[in-house]
Amino acid sequence: SLLLGGILALPGFIPGLLLTADVAPEIRDEANQIYVFERLPHHLALHKLATEQIIQRFVRFGLLLILFAFVSQSRMAVVNDSPLRRIQLFAWASVGISLLGLVWEFATINSPALSASLLKYYWFRLADIAVPWAVSLSLGAMLAALIRQSSRSTQLIGIMAVLLPACLMLATSAGRWITLTSIESYETRHALGWRNVCAWARQHTAPDALFLIPRNGSTFRWFAQRPVFFTWKDIPQDAASMVEWWKRYQEVYFGAVDKFGQVGAYGSLQELGADRLREVAAKHNIDYVLTSEYPPLPLPVAYENPWYKIYSARSGGIARSTTTAKKCQTNR
């Protein structure tokens with residue numbers, strides 16, 4: 001069954017191989033390093049995280065592994081040929097895969113290109129799912145075994161172990177229900193403001209109008225159905241496009257200097273200033289710039305609501321608008 005499954009899975013390698021096909025080795029290596037060390041180190045390269053994050057992750061997962069070792073050795077509900085035992089073995093195999101990834105990461109720590117070439121395959125993610133899955137099912141089996149026993153004390157322990165987490169989940173759900181934001185709340189109106197600015201872009205701009213938006217506004221494409229110059233979430237997967245994506249990020253957002261003289265990323269598009277935004281827009285044929293409402297920029301305003309503004313990035317007014325834009329108010 002494993003051999004047959006492996007054969008059936010082999011075609012899945014083809015799309016992955018095509019992502020780096022016909023690409024120069026230096027572009028492929030750069031893309032791998034961008035993906036692993038810049039965009040997704042929290043999943044792929046633990047040593048790139050802050051020290052406190054590394055300690056926290058090792059402590060939490062270490063405690064989980066200790067619990068897993070305990071429940072997997074319990075004879076209360078698990079027999080060697082049971083489905084649960086197979087799940088536990090699968091989880092232990094995922095831990096082994098994670099250990100191999102960890103060994104590779106630190107063995108190649110001084111060779112970033114070589115390190116990223118394999119780290120990009122998500123060595124740690126399977127254990128993130130498999131170990132909690134196996135632990136929860138094993139604990140459930142142990143509690144069921146306790147409840148089945150004739151001793152009243154063990155039955156009480158088992159029942160309480162079920163009721164306490166259930167009560168906690170119910171309390172959490174009740175708390176969220178109580179704190180649901182009303183339609184008049186600031187949070188709800190802010191969300192409606194984002195939907196409105198996206199709706200205006202969809203209804204009043206040309207289908208190919210290019211937008212420069214806040215880097216975390218990844219839902220703009222969905223709601224506005226317009227192309228964007230860059231978003232942090234939407235990283236391309238092929239090597240050449242990934243390198244281009246990183247260049248766009250650095251060109252727009254990188255270069256801020258803090259009070260200590262350290263160079264880092266700008267927090268918002270407004271921090272770049274109107275002149276820099278015009279320069280980027282002219283270079284890349286960007287039609288509109290979407291920012292938060294405050295602070296305002298000395299650029300032609302195509303649309304605004306209490307939370308967001310769309311500026312025309314072209315000189316002389318609104319760029320390629322399909323209708324005459326007018327100031328619209330947010331639905332309340």
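Quick note: numbers below take in every heavy atom, side chains included, and nothing from hydrogens, waters or symmetry partners.
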> Going through the distances and angles, do Trp104 and Leu100 end up as a side chain to side chain contact (heavy atoms under 4.5 Å, CB included)?
Replying inline: CA-CA 6 Å; Trp104 174 260; Leu100 288 175; over 6 Å; no

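- Lys233 is not listed as a side-chain neighbour of Asn216, based on a closest heavy-atom distance of 4.5 Å or more.
- Residues forming a ring pair (Phe, Tyr, Trp, His ring centres under 6.0 Å) with Phe211 (at least two apart in sequence, or on another chain): Phe220, Tyr288.
- For an aromatic pair to be called close, the ring centres must be under 6.0 Å apart, and Phe124 with His43 fails this.
- Atoms NZ and CG, on Lys309 and Leu297 in that order, are 8.0 Å from each other to the nearest 0.5 Å.
- At least one side-chain heavy atom of Arg278 sits less than 4.5 Å from a side-chain heavy atom of Leu299.
- A 4.5 Å side-chain heavy-atom check between Phe61 and Val131 finds at least one atom pair inside the cut-off.
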>> Before you tell me yes or no, could you show the steps for His284 and Phe229 under ring-ring contact (aromatic ring centres under 6.0 Å, His included), namely the whole-Å CA-CA distance, both residues' side-chain angles and the distance that decides it to 0.1 Å?
In response: CA-CA 8 Å; His284 298 285; Phe229 182 71; 4.6 Å; yes

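- Rounded to the nearest 0.5 Å, atoms OG1 (Thr291) and CD (Glu271) are 12.0 Å apart.
- To the nearest 0.5 Å, atoms CH2 (Trp133) and CD1 (Ile87) are separated by 4.5 Å.
- Annotation: side-chain hydrogen bond (donor to acceptor under 3.5 Å, both in side chains) contacts involving residues 45-58, sequence neighbours excluded, comprise His47-Glu105.
- Here the CD atom belonging to Gln33 is positioned 9.5 Å from the OG atom belonging to Ser117, to the nearest 0.5 angstrom.
- Put simply, CG on Leu277 and CG on Leu272 are 5.5 Å apart, with the number rounded to the nearest 0.5 Å.
- By the 4.5 Å heavy-atom criterion applied to side chains, Ile159 and Leu143 are not counted as neighbours.
- Inter-residue side-chain proximity for Val301 and Ile310 is flagged as unmet; no heavy-atom pair is nearer than 4.5 Å.
- Remark: Phe37 CZ to Ser115 OG distance equals 4.0 Å, nearest 0.5 Å.
- Within 6.0 Å of atom OH in Tyr122, more than 12 heavy atoms from other residues, nucleotides or ligands are found, so the atom counts as buried in its surroundings.
- Shown here are the ring pair (Phe, Tyr, Trp, His ring centres under 6.0 Å) partners of Tyr249, two or more places apart in sequence or in another chain: Phe230, Trp232, Trp246.
- For Arg195, the CZ atom is loosely surrounded, since the number of other residues' heavy atoms within 6.0 Å does not exceed 12.
- The side-chain heavy atoms of Gln88 and Leu84, taken from C-beta on, include a pair separated by under 4.5 Å.
- With sequence neighbours excluded, the residues forming a side-chain contact (heavy atoms from CB on, under 4.5 Å) with Tyr121 are Leu118, Trp123, listed by chain and number.
- Scanning for ring pair (Phe, Tyr, Trp, His ring centres under 6.0 Å) contacts around Tyr308 gives His190, Trp194, with sequence neighbours left out.
- A salt bridge is absent between Arg248 and Glu251; no separation between the charged side-chain nitrogens and carboxylate oxygens falls under 4.0 Å.
- Of all heavy-atom pairs spanning Ala201 and Ala224, the tightest one is CB-CB, 4.0 Å.
- Taking the ring centre of Tyr253 as origin, the terminal cationic atom of Arg215 falls inside the region bounded by 6.0 Å and 45° from the ring axis.
- Side-chain contact between Pro41 and Val36 is absent, with no heavy atoms from C-beta onward closer than 4.5 Å.
- Side-chain contact between Leu102 and Leu46 is present, with heavy atoms from C-beta onward closer than 4.5 Å.
- Residue pairs meeting the side-chain hydrogen bond (donor to acceptor under 3.5 Å, both in side chains) criterion with at least one partner in residues 3-32, sequence neighbours excluded, are Asn32-Lys120.
- The aromatic rings of Trp92 and Phe68 lie parallel to each other, with less than 30° between the two planes, well short of the 60° mark.
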